[in-house]
Number of protein chains: 2
Amino acid sequence: MNRAPLSKIRAVTSRDVARAANVSQALVSRAFTGNGRIAAETRERILKVAAEIGWQPNALAAGMVTGDAPLVAVITTRLSFDWRAQVLSHLLSAFQEWHMKPLLFYAESDDEVDRLLVETIAWRTRGVIVTAGNIAHERAEAILERGQFFAALNRPANHQSAFAIATDNPLGGAMAANLLMAEGRRRYLVLAGLRDGWAAAERTRGYVDALRAAGHEPLVWHSQSMTIEVGKECATTFLEFPVDQRPEAVFSTNDAMALGFYDGLRGRGVSIPDDLSLIGFDNLSASSWTPYQLTTFEQPLDTMVSQVLHYIDSHRREDGGAAVPAPMGQRLGDDSVTYCAPTLIRRLTCKGQA
Amino acid sequence: MNRAPLSKIRAVTSRDVARAANVSQALVSRAFTGNGRIAAETRERILKVAAEIGWQPNALAAGMVTGDAPLVAVITTRLSFDWRAQVLSHLLSAFQEWHMKPLLFYAESDDEVDRLLVETIAWRTRGVIVTAGNIAHERAEAILERGQFFAALNRPANHQSAFAIATDNPLGGAMAANLLMAEGRRRYLVLAGLRDGWAAAERTRGYVDALRAAGHEPLVWHSQSMTIEVGKECATTFLEFPVDQRPEAVFSTNDAMALGFYDGLRGRGVSIPDDLSLIGFDNLSASSWTPYQLTTFEQPLDTMVSQVLHYIDSHRREDGGAAVPAPMGQRLGDDSVTYCAPTLIRRLTCKGQA
DNA sequence: CTGAAAGCGCTTACAG
DNA sequence: CTGAAAGCGCTTACAG
């Protein structure tokens with residue numbers, strides 16, 4: 001258990017490479033950045049020597065000098081249940097492609113997001129992208145003020161100059177309602193999920209509004225979380241209704257609850273889609289599995305991520321933010337959020353009209 | 001489309017804070033690091049002024065001076081299918097707790113891992129942790145040589161001085177075999193997955209060896225990937241066997257394939273566990289869902305992650321690496337990998353002997 | 001307890 | 001085309 005003193009290993013620097021290649025330290029820098037004049041053969045030699053030594057420019061030091069390290073802060077939460085993991089996966093892939101390094105800030109729960117937003121500042125990243133929790137206007141303001149970008153994925157940024165993009169949740173809810181009404185269903189239910197969840201609330205709103213406009217009043221069931229277990233519990237409640245009073249059309253604001261709802265009904269004499277139609281949201285991979293074949297909505301993740309990256313890019317060029325014209329199926333909300341239409345994925349939990 | 005010139009915003013620095021608080025710049029630094037003497041009230045004042053201005057020490061600059069930014073490189077791949085996402089989630093959570101910032105290196109496929117390992121060097125992190133692909137000895141060597149740590153999760157590091165920890169895959173395979181033999185099953189099959197996948201191959205080996213030792217010779221089916229679709233295809237092949245020649249005991253080297261295998265058998269007159277027993281690996285959340293209730297193995301992710309962090313910590317203290325005595329259920333392999341026993345999760349796809 | 005100064009490892013004008 | 005020098009924003013001995 002003898003503990004050696006904390007000795008610092010002297011780092012290999014561009015100076016060591018310069019010495020070995022018999023040039024000035026400045027030339028080593030030029031060889032790697034490509035900036036400034038340098039003879040082709042000198043460059044070759046330097047690169048070769050550096051490779052032998054195993055040296056690469058220190059990105060931290062370079063970032064300090066240029067004031068612009070290719071770093072981006074990403075705020076995320078627990079990656080359980082698929083959808084969040086998909087979002088992160090797409091983002092990471094895009095950053096890798098655009099040669100930016102994501103620095104991850106992980107929130108155990110949504111309340112920690114605000115604190116992480118503050119932590120973010122120490123790293124002088126190009127900007128921050130938020131994929132979890134709620135955003136306070138002042139936080140976005142503080143970050144934008146520094147010249148950093150600020151992007152929110154699937155949530156409002158609560159700031160005019162920030163970029164926010166999300167699935168058109170109200171539209172999805174309305175589409176679900178219309179689909180169910182077209183089937184001639186009568187009694188409607190929505191598994192609304194979190195009372196203070198933004199996306200879930202928007203989906204619920206779109207659904208309820210569309211139904212009311214047609215003279216229907218749906219049941220709205222809220223819950224503390226949006227898991228498969230919650231879905232099952234909802235099924236239990238559903239089964240307590242007299243058979244002739246049970247809802248015939250169920251929209252779940254996410255797939256997890258829809259899957260659980262389905263499971264809770266198995267072996268209970270209820271047939272989907274004969275007795276009721278069920279629609280989910282997210283298009284989780286599990287929704288396509290044999291025992292489910294759930295009709296659901298796919299969120300336009302590719303589009304959203306690519307637009308975030310265009311925003312980041314345009315912010316960098318300082319040409320006044322995302323001047324990109326809104327592609328098909330997008331609209332700009334009053335809340336400055338760019339909304340992208342979800343895609344209906346028809347499977348077997350609704351009556352087909354193929 | 002008029003593009004403003006790329007004007008650099010002058011950064012707010014500790015000097016600005018010093019001026020505002022009427023102290024030297026050095027004191028501002030002391031107020032934040034806690035190193036060096038400083039009067040309590042001076043410190044308070046500086047902190048207050050800094051908060052007003054919204055300044056925090058630039059972690060990049062600090063890292064350069066101290067030669068030790070709290071950065072760690074994490075190599076990961078596509079987060080699809082749950083298990084990888086779980087691994088990353090646990091790691092991120094642990095890093096957040098230990099005040100280290102993960103810099104993510106994302107590989108689209110396993111072949112890219114080697115390149116990412118090289119990219120890693122530019123960032124002068126405390127070390128790197130690999131959760132995807134194969135590791136070349138030279139890569140680990142190059143990193144360790146710099147005084148960085150090197151950890152491999154669920155794969156061998158191929159280097160004596162690196163730290164590698166993994167589920168005891170051969171043990172899992174053997175446990176599956178013993179369980180199935182105890183049921184009195186006769187014809188054995190293993191969905192072996194990737195031919196060159198390390199974990200899958202180890203699970204297969206443990207299974208096959210245990211069976212052979214008891215005089216059984218199992219069928220071994222390899223595949224190009226390890227998805228639910230592959231599992232389904234295996235079911236199709238299975239169904240082509242005459243009924244009295246079909247395997248009665250199936251071990252799948254991951255849950256995804258097991259789930260697909262199950263799905264492929266639905267409605268085909270085969271009963272699980274009456275006609276055959278099925279065991280998976282990973283304990284994906286889906287394995288516990290109503291239509292599956294799959295018997296499987298849980299990988300000791302908590303243990304593995306916490307040991308990785310202890311290694312990182314001990315590496316930092318330079319007390320000669322992980323001197324931590326191996327906890328229960330662990331063994332050190334010839335390959336310098338620390339193996340942790342998986343936990344059998346009994347559900348309904350095996351004959352119970354409750 | 002406080003301040004002036006050196007230095008971390010780079011990049012980039014500025015001379016030559 | 002090349003080199004010497006300044007400077008990025010900090011931390012940490014070193015004096016006082």
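Naming: A, B, ... by sequence-line order, numbering from 1 per chain.
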Give a yes/no on whether any side-chain N or O of [X] is located under 4.0 angstrom from OP1 or OP2 of [N].
X	N	value
A:Trp123	D:dG9	no
A:Thr42	D:dC1	no
B:Ser24	C:dG3	yes
B:Ser14	D:dC10	yes

Rounded interatomic separation in angstrom, taking [atom1] from [X] and [atom2] from [N]:
X	N	atom1	atom2	result
A:Ile46	D:dT2	CD1	P	8 Å
A:Phe32	C:dT11	CZ	P	9 Å
B:Glu44	C:dC1	CD	P	14 Å
A:Asn35	C:dT11	CG	P	9 Å
B:Asn22	C:dT2	CG	C1'	13 Å
A:Arg19	C:dG9	CZ	P	12 Å
B:Leu60	C:dT11	CG	C1'	15 Å
A:Met64	C:dT12	CE	P	13 Å

Watson-Crick/G-U partner (both atom distances under 3.5 Å) of C:dG16 =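 Its partner is D:dC1 (Watson-Crick or G-U wobble, both distances under 3.5 Å).
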
Base, sugar-phosphate alone, or nothing: which one does B:Ser29 contact when heavy atoms must sit under 4.0 Å apart?
-> base

Starting the side chain at C-beta, find the nucleotide from [options] nearest to [X].
X	options	result
B:Thr66	D:dT11, D:dC1, C:dT11	D:dT11
B:Arg37	D:dT2, C:dC1, C:dC10	C:dC1
A:Thr33	D:dG9, C:dT11, C:dC10	C:dT11

Do [X] and [Y] have side-chain atoms, one donor and one acceptor, less than 3.5 Å apart?
X	Y	answer
B:Gln148	B:Thr125	yes
B:Thr66	B:Asp68	no
A:Glu108	B:Ser93	yes

Closest non-hydrogen atoms of B:Thr77 and B:Ala132, given as atom of the first, atom of the second and distance, are OG1-CB, 3.0 Å

Answer yes or no: side-chain N or O of B:Arg124 and base N or O of C:dG9 forming a donor-acceptor pair under 3.5 Å.
->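 By the distance-only test, no, there is no pair.
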
Where each residue is assigned the nucleotide of DNA chain C containing its nearest heavy atom, which of B:Leu27 and A:Arg15 is assigned the position nearer the 5′ end?
-> B:Leu27

Between B:Arg45 and A:Ala26, just flag the one whose closest nucleotide in DNA chain C comes earlier from the 5' side.
->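 Its nearest nucleotide lies further toward 5', so the answer is B:Arg45.
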
Residue met sooner reading DNA chain D from 5', once B:Arg30 and B:Pro57 are mapped to nucleotides |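 It is B:Pro57 whose nearest nucleotide is closer to the 5' end.
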
Going by an N to O cut-off under 4.0 Å, is there a salt bridge joining A:Asp16 and A:Arg19?
-> yes

Counting only N and O atoms by type, is there a donor-acceptor contact under 3.5 Å from the side chain of B:Tyr311 to the main-chain atoms of B:Phe149?
-> no

